[in-house]
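First up is the structure itself, then whatever we jot down about it.
Residue numbers start from 1 in every chain, and the chains themselves are labelled A, B, ... in the order their sequence lines are given, proteins ahead of strands. Note: hydrogens, waters and symmetry copies are ignored here, and every other heavy atom, side chains too, is used. All of these numbers come straight from a predicted model, not from anything done at the bench.
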Amino acid sequence: MSWLCRPRKGGVDCAVAFDVPCKRSRSVAMPKGFSVADTSGTVEEDTDSAILYGTLRGSIVGLRYYKGVVNNNEMVALQREPNNPYDKNAVKVNNVNGDQVGHIKKELAAALAGIMDNKLAVVEGVVPYGAKNVFTMPVQMSFWGREENKEAVLDQLKMHGFKLAPPLKECGFGSKWISGKTGPTYSAPVHAAVHLTTEQLKSEFDKLFEDLKEDDKTCEMEGAEAVGTLLLPHQKQALAWMVSRENSDNLPPFWEERNNFYYNILTNFAVKERPKNVLGGILADDMGLGKTLTTIALILTNFQDGKPLPVEKITSDKSYEVRWKKKIPEIRSCIRYYIYVCFFAAPSCVIPEDTGFGSVLAASPTPLKRKTKRKGTASIQSVEKKYSEDGPRTTLIICPLSVLSNWIDQFEQHTSQDFHLNIYIYYGSDRNKDPAILSEQDVVLTTYNVLATDYGVSKYDSPLHKIKWLRIVLDEAHTIRNPNAQQTKAVLSLEAHRRWVLTGTPIQNSVKDLWSLISFLKLKPFTDREWWHRTIQRPVTMGTPGGLRRLQSLIKSITLRRTKISKVKGKPILELPERKVLIQHVTLAEEERQIYQSVKKEGKVAINRFFNEGTVLAHYADILGVLLRLRQLCCHPHLCTNTSSSFSVGSNTPEELRQMLVNKMKLVLSSGSDEECAVCLESLTLPVITHCAHVFCKPCIYEVIRSEQPNASCPLCRSELRVEHLVECSLEEELNSSNGKKGGQEWISSSKINALMHALIELRKENPTIKCLVVSQFTTFLSLIENALKKSGFVFTRLDGSMAQKKRVEAIQCFQSSQAGSPTVMLLSLKAGGVGLNLTAASRVFLMDPAWNPAAEDQCFDRCHRLGQKYNVIITKFIVKDSVEENMLKIQNKKRELAAGAFATKKPSASEIKQTKINEIKALIDL
DNA sequence: ACCGCCGGGTGCC
DNA sequence: ACCGCCGGGTGCC
């Protein structure tokens, strides 16, 4: 295995490969989110808010000692070299390929060292004229940093006798360079700003993926014989496209051949060797179009040179038994399927003793309760072996655990009965870690977590990293969008010929998220974050003309994306039934209205006070609480037990204080407002609450405290922050908060439940077999609805987040069944289930209460409005008249607009997020 | 001459 | 480097 621990060559890869230099101990386990400053690149995390301070001309010396060459106008990277024995201020200069060009002249380096080491600015270089220099060459440097560091940088430079020239117009593109006679002082900074309107951005965004109607993407291709399912036209197109990508040797995007050199038009870098394009790309079809099936078809159809994967053909029922079936109960959604885990022993293979399966190798999720070993009846008569002996033959598929069973099912379903694949599920504590055996499989399936765990234990012993794969497929690849996450690093350091990314959501928040994917695809020069940032990310986020077009052409060249509404040969891609959303207004009964009004009045007074005092942020949790109670009152008066407000701040004992904070946090978490952590801007993980009542992810806020010590302050309100003041919500408490069973309370209905029951009963009269989803964010509300359903004799089932996996599977199967007497109603909590949840048996949805985030609603509707739905889907949203719910609808519309334009704008800052929220609050409570 | 000037050796950090 | 800088050789006109 010659690739084992082979050192990576070339500096472009060093962002990934060189993160274990000898000076760092190799196996120090760093807790997640606490990694030491990444020395791999000069680009820092916070580059989005960077402005251009100015430019400076300097010189690069010592050219003749290094092999790196530079073209005219080529970008170069400046890298500190603090351990240089001749000068601790040394700054070396590398070309785009990572080859050293020279050093920055020492007087200038002395000025830059402090600035770079303290991360006051990012210094980027472009060599205006580099082609023929022998000993030195000029370099035009741009200084980028945050507004507040500008003075410090200018001072540093001044101390060493340097002064910045004003920014050039073409900054960052390196195409033009103005001779820098000692210019005037400096002009206004170039702010990172979005120059496009939301409307423009939206249309640009649409174009980004919709303009992909190229010739090579509309050819069709039949799957190999072993593909047991007939492919739909758009799937044949995808297969043809994927096969052509894997077999093509086109130049990667932004590379041109120019007189025997290969030239990168973004960085102006040139090389003699032809740069390799990724043999793969991004399949970004909408959910439900069959990415999994297409990928399986690809695996079976394109093994080498367009020839199909040589799989064993099962012809008759005799000879030796090599086939077992193995059941994996925990992750199987459907008991009747089995996964064939087969292995035929090649002479060179060592079969480990401890598998307990003889020559059958299988791993299973932990804990495996029972191991079922069965002898199959089929057998293999002839095995055509035409594997080339040296080349890799295994496809590695990495997916989130939640879709692992889906892959297994789909392999089962779509592989012809006459063939069988060697599939190994690399999962569970008894997974087989022998690379020799893994690399004998046709397919190895694993999860991001398992991969990252192996890699975390030891990068050098991780079996998956010892193998050179034929092909790697990342499913739901947006889970690796954080470049610093262990998972991402583990994925990026896998070796493979062909690389695929499957995702339904190619850009979630910003261009930033794309880097991990592009880097995985090994597209030069973007594997190095600096080049990605300088050539794509910054131009796009700053709205530099052409920036978006550049990104677009990059995406276009490697992506296939169809939406549910795309067309194939003039016809809709999927003949999905219609989907209608109706809004059913509900008027509260008099008593309900009275309670609602009194709570609203009280809440409004309090919130008004917070506005007047300017303490809205400090009471954010309380305000969410008010809104929550109002939303609950729209559903049912019993949802909201403690109508008295909890605004008392005068908690005395530490325990009381703790309890109050826990309560506030529970409020925030249970309010369904989908709170983000203001540090990482993602959904909260391991939420903790500060003394000032702001909720963050635990790792995030620890990092803030660590980096700001000794005097850390809250990112939201700047009040004092200390680790010992953070309060966690224990798992137990979190669970308790969700079930608000009220023991002795007598069952009563509510206006909304009446409206629902009326609709359900009408529907039953019309057609007793129609199935419905009844969706709410409040599980207690679902419990109340149960009573009404029972009274009217509905057979129903229920799915919510608190249910064990086994129960969920049961509930889903039961509901999906078409048997007489199977449930016609499913009570569903809005966020239950992963992306894959398939509830196509239902053709009606009753959304009992609006969600803050319209995307969450849409995702929920898609559970039944997807491939396999036979009927038109009618969605009814119950909205209480003259209530917070109506205002929520307005905010939802605003959010939809925002989401459409969110791409390419920079992520909002913590304070902007809060400002938005404050505005929302105003709108919600009619202030 | 404890200078200037010449011309060869030499050259990143 | 067709430079600068260093340091040795040298020394009226």
Task: Interatomic distance, A:Phe135 CZ vs C:dC5 C1' [rounded to whole Å] - done: 15 Å
- [ ] Quick one: look up who C:dG11 pairs with, Watson-Crick or G-U, both distances under 3.5 Å, and put none if it's unpaired.
- [x] B:dC3
Write out a two-atom table: protein N or O, nucleotide N or O from nucleotides 10-13 of chain B, distance below 3.5 Å.
from	atom 1	to	atom 2	distance (Å)
B:dC12	OP2	A:Tyr65	OH	2.3
B:dC12	O4'	A:Gly62	N	3.4
B:dC12	O2	A:His103	ND1	2.7
B:dC12	N3	A:Tyr66	OH	2.7
B:dC13	OP1	A:Lys106	N	3.1
B:dC13	OP2	A:Lys106	NZ	3.4
B:dC13	O3'	A:Asp87	OD2	2.5
B:dC13	O2	A:Asn84	ND2	3.2

Task: Test salt bridge (Lys or Arg N to Asp or Glu O under 4.0 Å) applied to A:Arg538 and A:Glu124, step by step - done: CA-CA 13 Å; A:Arg538 188 195 292 136; A:Glu124 296 177 350; 2.7 Å; yes
Open item on the list: Counting neighbours of NZ on A:Lys132 that are heavy atoms of other residues, nucleotides or ligands and sit closer than 6.0 Å, is the number greater than 12?
Closed with: no
Open item on the list: Is a donor from one side chain sitting under 3.5 angstrom from an acceptor on the other, for A:Asp99 and A:Tyr66?
Closed with: no
Open item on the list: For the C1' atoms, the ones on B:dC2 and on C:dC13, what distance do you get once it is rounded to whole angstrom?
Closed with: 26 Å
Open item on the list: Whether the side chain of A:His497 engages the backbone of A:Pro392 through a donor-acceptor N/O pair (distance < 3.5 Å, no angle test) should be reported.
Closed with: no
Task: Any donor-acceptor N or O pair under 3.5 Å, side chains A:Gln487, A:Asn449 - done: yes
- [ ] Please measure how far the C1' atom in C:dA1 lies from the corresponding atom in C:dC6, and state the result in whole Å.
- [x] 15 Å
TODO: Would you check if the side chain of A:Thr488 reaches a backbone N or O of A:Asn484 as a donor-acceptor pair within less than 3.5 Å?
DONE: no
